[in-house]
Number of protein chains: 2
Amino acid sequence: MTPQDNTASQDGRRRAPQHLTSAGKKILSVASQLFYEQGIRAVGVETIAEESGFTKKTLYDCFGSKEDLIVAYLRARDDQWRSILVDHVDRHGGPASEKLLATFCALRNWTCTRSSRGCAFVNASAELPEGHPGLEVGREQKAWFLTYLEELAARGGAQDPSYLAAQMLILHEGACVAHSMHTIDQPFERTEEIARILVENAFAH
Amino acid sequence: MTPQDNTASQDGRRRAPQHLTSAGKKILSVASQLFYEQGIRAVGVETIAEESGFTKKTLYDCFGSKEDLIVAYLRARDDQWRSILVDHVDRHGGPASEKLLATFCALRNWTCTRSSRGCAFVNASAELPEGHPGLEVGREQKAWFLTYLEELAARGGAQDPSYLAAQMLILHEGACVAHSMHTIDQPFERTEEIARILVENAFAH
DNA sequence: CAGATGGTACACCGATCGGTTTATATGCAA
DNA sequence: TTGCATATAAACCGATCGGTGTACCATCTG
């Protein structure tokens with residue numbers, strides 16, 4: 001529950017980006033940006049090394065393989081989104097129903113600042129072959145998020161928390177895609193309006 | 001409006017897969033499956049040639065480049081989804097409001113038979129670099145779909161057709177992702193239930 | 001019969017991929 | 001002072017990438 005603890009939570013398995021060399025941190029940060037903006041397969045380790053100002057040797061000393069670097073990238077993104085989401089929702093006062101709606105505001109903020117090309121885990125699952133350990137990170141991320149929504153819904157006294165959570169999740173995914181594909185205007189606002197209707201329904205007595 | 005015409009519509013620009021050699025058709029069909037199931041960048045032209053039983057030379061005689069083959073793949077998928085959607089909705093009797101809901105049934109059928117790994121255009125936009133002609137195919141596809149939803153909504157006398165269409169689009173995208181990521185059970189049923197609520201709201205007097 | 005057309009088989013191209021190796025230099029801690 | 005950890009620089013590896021060239025063969029059409 002401490003501030004720096006809100007990303008290490010829920011379950012036993014957890015990451016370890018903190019005991020990275022400063023070179024490792026820089027490489028991971030550069031790799032994350034390139035992977036997200038150009039696609040994982042589109043970016044070679046050579047490019048990552050050059051862009052980060054370190055050698056390929058150093059990269060391999062820090063991460064072992066491109067596969068492990070990809071996993072580190074996805075874990076780091078997972079961490080960032082979790083903490084941004086939780087922070088935003090926690091700061092948002094009001095009943096749990098309002099907190100549920102605040103998740104869409106968090107999504108809009110997150111998306112507009114550093115996530116304009118859709119969900120990194122959805123993108124990764126389009127690129128990575130079956131069995132790649134990065135896919136497991138994505139599954140964990142989605143499962144965690146669904147559980148988080150469920151807890152919010154339950155805390156607010158929704159009639160069917162898991163049902164409402166599933167609805168919210170569909171909306172999140174939809175907003176994310178609609179935004180990244182530029183199909184409609186103001187996708188987050190439109191989505192939050194849908195969510196408001198569903199939330200009101202779910203909390204009706 | 002003739003049966004074989006329902007994919008060549010709307011605007012001037014249109015494809016031409018019909019004047020493909022039988023070898024070309026086979027190559028395109030194999031490439032489509034591999035591109036969709038493993039990702040575009042993950043599949044090399046060598047593999048496509050081998051799997052389809054033709055030579056790389058023949059592949060290049062038919063399509064010119066991998067880039068053009070990718071575009072042909074996306075166009076073909078666009079065609080297939082459009083005709084399946086329109087067929088399904090046309091066969092579905094009832095008022096336009098019911099036809100709007102039928103689009104989710106069409107999506108479920110399409111997805112469960114040959115589209116279990118999410119939207120090909122969303123996946124492509126995660127993989128392809130900016131400026132790739134395949135991205136334009138995706139934009140056209142989404143724009144067409146939005147217009148199609150809008151026309152259905154307008155025909156049914158919705159209060160704000162473009163607003164309702166945007167809502168429906170968000171739901172389609174969300175259902176697609178939720179299904180391909182296996183995050184929740186019965187995503188299409190859950191999504192259609194949301195849609196029903198929105199449609200009822202939109203047609204309320 | 002002549003000549004496109006559509007195909008096979010296969011060697012070959014330069015570039016890039018992920019990954020390794022060797023040898024060297026620096027800075028910090030016992 | 002010794003020694004380890006963290007770097008650098010750069011050559012190198014086999015494999016695969018997208019794409020080309022050449023030579024030959026079948027079939028259909030005028």
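Just so we're on the same page: letters track the sequence lines, and every chain starts at 1.
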4.5 Å side-chain heavy-atom contact, B/Tyr148 and B/Arg82: no
Encode nucleotides 15-24 of chain D as B, S and - characters from 5' to 3', where the letter depends on protein heavy atoms closer than 4.0 Å: B to the base, S only to sugar-phosphate, - to neither. ---SBBBB--
Does B/Glu140 form a side chain to side chain contact (heavy atoms under 4.5 Å, CB included) with B/Arg75? I'd like the steps, not just the answer. CA-CA 10 Å; B/Glu140 289 173 10; B/Arg75 282 209 200 288; 3.9 Å; yes
Length of the CG-P vector between B/Leu59 and C/dG6, whole Å: 15 Å
To the nearest angstrom, how far is A/Asp61 atom CG from C/dT21 atom P? 12 Å
Please name the pair of heavy atoms, one in B/Ile170 and one in A/Pro187, separated by the smallest distance, quoted to 0.1 Å.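 For B/Ile170 versus A/Pro187, the nearest heavy atoms are CD1-O, 3.9 Å.
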Under the side chain to side chain contact (heavy atoms under 4.5 Å, CB included) test, which residues partner B/Ala195, sequence neighbours left out?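 Testing B/Ala195 for side chain to side chain contact (heavy atoms under 4.5 Å, CB included), a comparison that skips the adjacent residues, returns B/Leu101, B/Phe104, B/Met168, B/Leu171.
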With salt bridge (Lys or Arg N to Asp or Glu O under 4.0 Å) as the rule and sequence neighbours excluded, what pairs involving residues 168-188 of chain B come up?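 Salt bridge (Lys or Arg N to Asp or Glu O under 4.0 Å) check on residues 168-188 of chain B returns B/Lys142-B/Glu173.
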Pull out every residue in residues 30-38 of chain B that has a heavy atom closer than 4.0 Å to any atom of DNA chain D, ordered by number, or say none. none
Run the salt bridge (charged side-chain N to carboxylate O under 4.0 Å, His left out) test against B/Glu51 and tell me which residues pass, sequence neighbours left out. none
Does a nitrogen or oxygen in the side chain of B/Thr21 sit under 4.0 Å from OP1 or OP2 of C/dT5?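 For B/Thr21, the contact criterion (side-chain N or O under 4.0 Å from OP1 or OP2 of C/dT5) is not met.
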Quick one: is B/Thr55 getting a side-chain N or O under 4.0 Å of the C/dT8 phosphate, OP1 or OP2?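 Yes, within the criterion.
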Determine the contact category for B/Gly24: base if any of its heavy atoms lies under 4.0 Å from a base atom, sugar-phosphate if only primed atoms, P, OP1 or OP2 are that close, otherwise nothing. nothing
Compile the donor-acceptor pairs under 3.5 Å between side chains in residues 31-45 of chain A and protein atoms, sequence neighbours left out, one pair per line.
| from | atom 1 | to | atom 2 | distance (Å) |
| --- | --- | --- | --- | --- |
| A/Ser32 | OG | A/Leu28 | O | 2.7 |
| A/Tyr36 | OH | A/Ser115 | O | 3.0 |
| A/Tyr36 | OH | A/Ser115 | OG | 3.2 |
| A/Tyr36 | OH | A/Ser116 | N | 3.3 |
| A/Tyr36 | OH | A/Arg117 | N | 2.7 |
| A/Tyr36 | OH | A/Gly118 | N | 3.1 |
| A/Tyr36 | OH | A/Gly118 | O | 2.6 |
| A/Arg41 | NH1 | A/Glu127 | O | 3.0 |

Under 3.5 Å, side chain of A/Thr111 to main-chain N/O of A/Arg108, donor-acceptor pair present? no
